[in-house]
Amino acid sequence: MAQHFLLSRAAKSLSLATVFTMKDEEAEARFRQIRWAETNGEPVCPNCGSVDAYDCRRLKGAPRFRCRGCKKDFSITSGTLFASHKLPLRCYLATIAIFCNEVKGKSALALSRDLCVSYKCAFVLLHKLREAMAEELKGRIVGGEGKEAEVDGGYFGGYIKPANLKEERVDRRYAKNQNGKRKVVVIIRERGGNSVPAVFGSESQAASFIRARVAKGTVVHADEAGSWDGLHERFEMKRINHQEAYSLDGACTNQAEEYFSRLRRAEIGVHHHIAGAYLLRYAQESSWREDNRRISNGDQMNRVAALALKRGKSVDFTGYWQRHIAG
């Protein structure tokens with residue numbers, strides 16, 4: 001039997017012990033190399049793009065640079081997801097390493113204990129990393145001529161606790177007995193390729209999203225749910241009735257189900273609740289992890305760090321503590 005990738009030496013190119021024992025200078029050099037890889041770590045002004053900048057550290061030694069062109073100051077994290085950071089750079093590097101080392105995800109409560117920070121701080125850090133992962137999924141088109149993709153949906157959130165007495169219990173599958181918070185995650189997964197998730201109120205609402213994200217000429221696999229009937233107009237379809245078989249005559253949605261297996265285990269075993277406003281972020285995280293499951297933890301860390309430093313300020317958590325006083 002072939003060895004599982006996570007058990008192989010190739011999967012382990014990063015040690016958390018190495019990150020935690022880094023000196024501040026080493027963490028700074030690592031961040032500089034990741035952000036300004038084109039200039040071999042030499043600072044590039046985010047305001048004017050000049051490479052003529054000199055070291056102008058703060059009084060306590062925190063890294064800062066001054067551009068000779070526009071005369072503005074900037075740091076390694078200026079204009080990134082980690083802009084205006086308060087923790088040492090080594091702590092952010094450790095956060096990314098811990099996050100990437102987990103297969104199903106990392107809970108904010110566990111990270112707060114690992115780093116000795118507040119739950120709120122850990123929660124924001126993790127969601128910023130999910131934002132970074134989502135950058136790779138933005139505008140992604142899967143499939144193409146001669147390629148196959150699988151489509152499926154899974155419902156999350158809106159849990160209704162059953163009544164204590166049997167005679168008082170209701171059938172929670174009916175809309176009248178639900179609370180309206182239940183959402184469906186729809187996944188499009190190319191066989192041997194990447195995936196794209198989205199969140200909707202129902203599977204039937206995902207048709208236009210699928211048409212936009214699946215290239216023409218793709219053979220699409222789906223189950224017998226009526227939500228996918230409209231896709232026959234655009235794609236060659238292969239349908240599988242799961243009451244009869246999981247795979248039959250080349251039709252199956254097993255790889256889409258693998259994605260939901262990861263997301264369900266993240267919900268049940270790690271986060272316990274992933275619905276609501278942040279459901280899409282968790283869905284995108286699981287998609288990124290599934291697509292990169294055969295990449296070493298060290299390469300994953302470098303990719304997530306590069307995405308975080310390349311991306312602009314967070315859309316969800318920039319100035320979030322002041323929104324309540326707006327207006």
A side-chain contact here means heavy atoms from C-beta on lying under 4.5 Å apart; do [X] and [Y] qualify?
X	Y	answer
Glu285	Lys106	no
Trp288	Arg130	no
Pro43	Phe74	yes
Arg182	Arg172	no
Glu42	Val51	no
Arg239	Asp229	yes
Arg68	Ser50	no
Asp316	Arg281	yes

- Message: Can you classify the ring geometry of Phe82 versus Tyr92 as parallel (below 30°), tilted (30 to 60°) or perpendicular (above 60°)?
- Response: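 Because their plane-to-plane angle lies in the 30° to 60° range, the rings of Phe82 and Tyr92 count as tilted.
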
Main chain of [Y], side chain of [X]: is a donor-acceptor contact present, judged purely on distance under 3.5 Å?
X	Y	answer
Asp152	Val186	no
Asn241	Glu224	no
Gln300	Ile295	yes
Lys128	Leu81	yes
Glu150	Ala256	yes
Ser286	Ala283	no
Gln205	Gly201	yes
Lys12	Ala10	no
Thr218	Gly144	yes
Arg35	Ala305	no

- Item | Ring centroid separation His127 to Tyr282 under 6.0 Å |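 Yes; Tyr282 has its ring centre under 6.0 Å from that of His127.
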
Examine [X] and [Y] and state if one hydrophobic cluster contains both, with Ile, Leu, Val, Met, Phe, Trp and Tyr joined whenever side-chain heavy atoms are less than 4.5 Å apart.
X	Y	answer
Ile240	Ile187	no
Met301	Leu16	yes
Val304	Leu115	yes
Ile34	Trp36	yes
Leu109	Val103	no

How many angstroms lie between atom [atom1] of [X] and atom [atom2] of [Y], to the nearest 0.5 angstrom?
X	Y	atom1	atom2	value
Asn297	Cys100	CG	SG	8.0 Å
Arg140	Arg213	CZ	CZ	9.0 Å
Gln178	Arg173	CD	CZ	11.0 Å

Surrounding [atom1] of [X] (heavy atoms of other residues, nucleotides or ligands, distance under 6.0 Å), is the total greater than 12?
X	atom1	value
Asn164	CG	no
Tyr246	OH	no
Asp249	CG	no

- Query: So, Arg169 and Asn177: side-chain donor and acceptor under 3.5 Å apart, yes or no?
  - Reply: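 No, no side-chain donor-acceptor contact under 3.5 Å.
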
Minimum-distance pair of heavy atoms, taken over all atoms of [X] and [Y]:
X	Y	answer
Ala222	Met237	CB-CE, 4.0 Å
Leu263	Phe156	CD2-CZ, 3.4 Å
Lys138	Glu135	NZ-OE2, 3.0 Å

- Should Asp299 and Arg294 count as an ion pair when the cut-off is N to O under 4.0 Å?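 Looking at Asp299 and Arg294, the cut-off is not met.
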
- side-chain hydrogen bond (donor to acceptor under 3.5 Å, both in side chains) between Arg189 and Asn254, intermediate numbers included: CA-CA 10 Å; Arg189 186 169 184 185; Asn254 288 348; over 6 Å; no

- Task: Find out whether the Lys NZ or Arg CZ of Arg289 is both under 6.0 angstrom from the six-membered ring centre of Tyr259 and within 45° of the ring's axis.
- Result: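 The answer is no; the distance or angle limit is not met.
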
